[in-house]
There are 2 protein chains.
Amino acid sequence: MPLTEPVPDVRSLDLLRSVAELGSIRQAAIRHNISQPAASMRLRTLELTLELQLLDRSHGRAQLTSAGVAVVRWSEEVLAPLRELLLGTQALRAAGKTNLRVAASMTVAEYLIPGWLQRLRTAHPGILVSLQMGNSRHCIEIMTRGDADIGFIEGPRAPRGLSSRVVRSDDLVVIVAPSHDWTHRTTPLTAKELAVTPLVLREVGSGTREVFESTMRLRGLDVLPLLELGSTTALKSAVESGAGPGILSRLAVQTEVRDGRLAVVTLADISFDRSIRLVWSKERPLGPPAKQLVRLIEESSTRARQL
Amino acid sequence: MPLTEPVPDVRSLDLLRSVAELGSIRQAAIRHNISQPAASMRLRTLELTLELQLLDRSHGRAQLTSAGVAVVRWSEEVLAPLRELLLGTQALRAAGKTNLRVAASMTVAEYLIPGWLQRLRTAHPGILVSLQMGNSRHCIEIMTRGDADIGFIEGPRAPRGLSSRVVRSDDLVVIVAPSHDWTHRTTPLTAKELAVTPLVLREVGSGTREVFESTMRLRGLDVLPLLELGSTTALKSAVESGAGPGILSRLAVQTEVRDGRLAVVTLADISFDRSIRLVWSKERPLGPPAKQLVRLIEESSTRARQL
DNA sequence: TGCCGATATAAGGTTTCCTTATGCCATTGA
DNA sequence: TCAATGGCATAAGGAAACCTTATATCGGCA
């Protein structure tokens, strides 16, 4: 479903954040390289758009109202991912003049790279990253050609000729709509039940489909496709609207699960490993920028465990 | 720091998401209530802004490139919080004609309410919520006057005349810049050390300051303010730029800690409880909408534990 | 080859947004 | 109480962005 109009402008939200930080519209305007009236007008437009009084101008300096404080806070959740998006696209554009070339599978690039870039930026602003995306096979090719310093792929085993290490766990999960019967199950789902249920799956040839089918085949079980879709988004929409249970990477559904739009079904006697593996050349040792990134990733995964 | 220009328009990101979902610019345009050329132009502008080719138009229908898929994915992290912001402001505006009136302390309103509203919206679209914000004392007044059905406050004990239950834990933490010495400590910080260190604190009278001072006083310890600031944002900026260690609610710093902009210092022999408490009238039982919300909150807290 | 659906381009008008100039108000200190 | 100062709003004019309708172009398909 599209965004409910009217949509506040992100630059206005960012400006409001600066006003909160600096305590003055004037100063915020200067920092954003616009004139003071322009800033004043943007904030006014924002207030009209949201139909809320965000600033109290009756005492000389502009003071945030409680609604203003709340909006600033909520805006931070919008602005942080937007900054990550900008860093991500920047890395995609940056072909030359970078000191760290990263190759990543689609899943890693989509779900993990932006956060890592954000943290790398704050910890080591000097490092400029370029990003190449592809499937795992493609990434391995890039690495063996020496066109990237470091790579991230999914897969149970290390590719030959490259050193590798698991940096993050991931696995395929069964997802259903929150209204589905399976959300009320008291017993975990068995592999056998999964085999006889028509499922919403990614198309043949995708990494997700391959992992799922091969793991099931190892148990001597078949898969029964109900629907085959070519993208993660399409699959989520289908499951969400009640088409039936679907199979996707846990990373790919974490947001929807958190928001209650999808539910994960617990599995009894089967699991689909899809761990994420850091790979690098055996011949060439990791350079300092690459080492910084690796260290940061390891820190963030231990921190995630603590929380 | 302000957003790095040029900033992509969120409506364009939303449109791209719809294109990914529907597989056609035309269909996406219809869903967004704009003409097909307008949609085409927005997407073109987005591609120019990001300097990336997001769509492949060479096969009749528009097909997302791998960069396009990544941008859609990154956009979801932006659009979801934006939807929460819209729900939050909507609840702030909605005075009458709602079937669930919520009173919440600033901390709860800022950090937890939007997520709950989002989940409530998807699970029970019929429920219209209105939100009143204030400090904990103010919320209790609203509740006892009967001007809200349900409230959320911080505090160690139940206010008299109201039933209450802890729904979420929270506590004050010591935060420092990532470059601070304390990030390299091998031993936890003691209460005594905290007492002799000049700290960046919220102003006297704020809930945070009260909890901090009273807990320290109970130990017979004093507090030594280095800087007193009137807002969470200002305090974070000060600590981030190296002013010194600061004291804030864990909820208030989780984003910055995740992004590595701030670090939490482990405490040895002291803790500052600030649990969040659901309160309701003893005379009036919870109505069905209130019960739905409570159930949802409890589900989400157990789910958070599982992850 | 010819039709059809989908997208791009063109033209025109409206709206939005920014900048400079200026006026008003609150706070401050003598 | 009065002037000075810093800060915000308003006004006017011009530039840029955006949308709509109409039309051309292109790829797929029978």
Side-chain angles (χ1 to χ4, degrees), chain A residues 2-65 67-68 71-72 230-231 234, chain B residues 2-3 5-65 67-68 72 230-231 234:
Chain A
L3 233 40
T4 18
E5 303 281 353
V7 182
D9 177 18
V10 279
R11 290 179 312 161
S12 304
L13 296 176
D14 194 35
L15 182 65
L16 185 69
R17 193 192 53 71
S18 291
V19 173
E21 189 181 332
L22 301 170
S24 153
I25 295 179
R26 181 187 216 42
Q27 300 303 322
I30 292 169
R31 187 175 280 200
H32 286 248
N33 293 315
I34 57 175
S35 66
Q36 171 266 318
S40 198
M41 196 151 72
R42 270 199 204 170
L43 294 168
R44 179 160 193 71
T45 307
L46 181 62
E47 286 184 311
L48 288 172
T49 306
L50 298 179
E51 294 178 59
L52 286 175
Q53 194 185 335
L54 305 174
L55 294 169
D56 176 11
R57 291 127 162 128
S58 67
H59 298 282
R61 299 178 151 270
Q63 181 92 17
L64 266 81
T65 64
V71 169
V72 167
S231 80
Chain B
L3 233 42
E5 304 280 353
V7 182
D9 177 18
V10 278
R11 291 180 311 163
S12 303
L13 296 177
D14 194 35
L15 183 64
L16 185 68
R17 195 193 52 72
S18 290
V19 173
E21 188 182 332
L22 302 170
S24 152
I25 295 179
R26 177 192 265 314
Q27 300 302 322
I30 292 170
R31 187 176 277 203
H32 285 250
N33 292 315
I34 58 175
S35 65
Q36 171 266 319
S40 198
M41 194 152 68
R42 271 198 205 173
L43 295 168
R44 180 162 194 68
T45 307
L46 182 63
E47 287 184 312
L48 288 173
T49 306
L50 299 179
E51 295 178 57
L52 287 175
Q53 193 185 335
L54 305 174
L55 295 168
D56 177 10
R57 294 135 164 117
S58 67
H59 298 281
R61 299 177 153 271
Q63 181 92 16
L64 267 81
T65 64
V72 166
S231 79

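Naming convention: chains lettered A, B, ... in sequence-line order (proteins, then strands); numbering from 1 in each chain. Note that these values count all heavy atoms, side chains included, but never hydrogens, waters or copies made by symmetry.
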Once you round it to whole Å, what is the distance between P of C:dC17 and CG of A:Leu48? 11 Å
Rounded to whole Å, the CD1-C1' distance (B:Ile30 to C:dG5) equals 12 Å
Using every non-hydrogen atom in the two residues, find where A:Pro8 and A:Leu46 come nearest and quote the distance to one decimal. CB-CD1, 3.6 Å
A:Gln53 side chain to A:Leu55 backbone, donor-acceptor under 3.5 Å: yes
Taking all atoms of both residues into account, what is the closest heavy-atom pair of B:Ile25 and B:Ala39, and its distance? CG2-CB, 3.9 Å
Between CG of A:Leu15 and P of D:dC8 the distance, given in whole Å, is 11 Å
Stretch residues 18-27 of chain B: residues that reach within less than 4.0 Å of DNA chain C through a heavy atom: B:Ser24, B:Ile25, B:Arg26
Taking CD in A:Glu21 as the centre, count heavy atoms belonging to other residues, nucleotides or ligands within less than 6.0 Å. Is the count above 12? yes
Do you know which two heavy atoms are closest between B:Val72 and B:Ala20, and how far apart they sit? CG2-CB, 4.0 Å
A:Arg44 CZ to D:dA11 P, in whole Å, measures 11 Å
Find the distance A:Leu46:CG to C:dT16:C1' and express it as a whole number of Å. 16 Å
B:Ser12 (side chain) donor-acceptor with B:Leu43 (main chain) under 3.5 angstrom: no
Are A:Arg17 and A:Asp14 within salt-bridge range, i.e. N to O under 4.0 Å? yes
How would nucleotides 12-30 of chain D be written as a contact map, 5' to 3', with B for base contact, S for sugar-phosphate-only contact and - for no contact, using protein heavy atoms under 4.0 Å? -------BBBB----SS--
B:Gln36 meets the side chain to side chain donor-acceptor pair (under 3.5 Å) criterion, sequence neighbours left out, with none
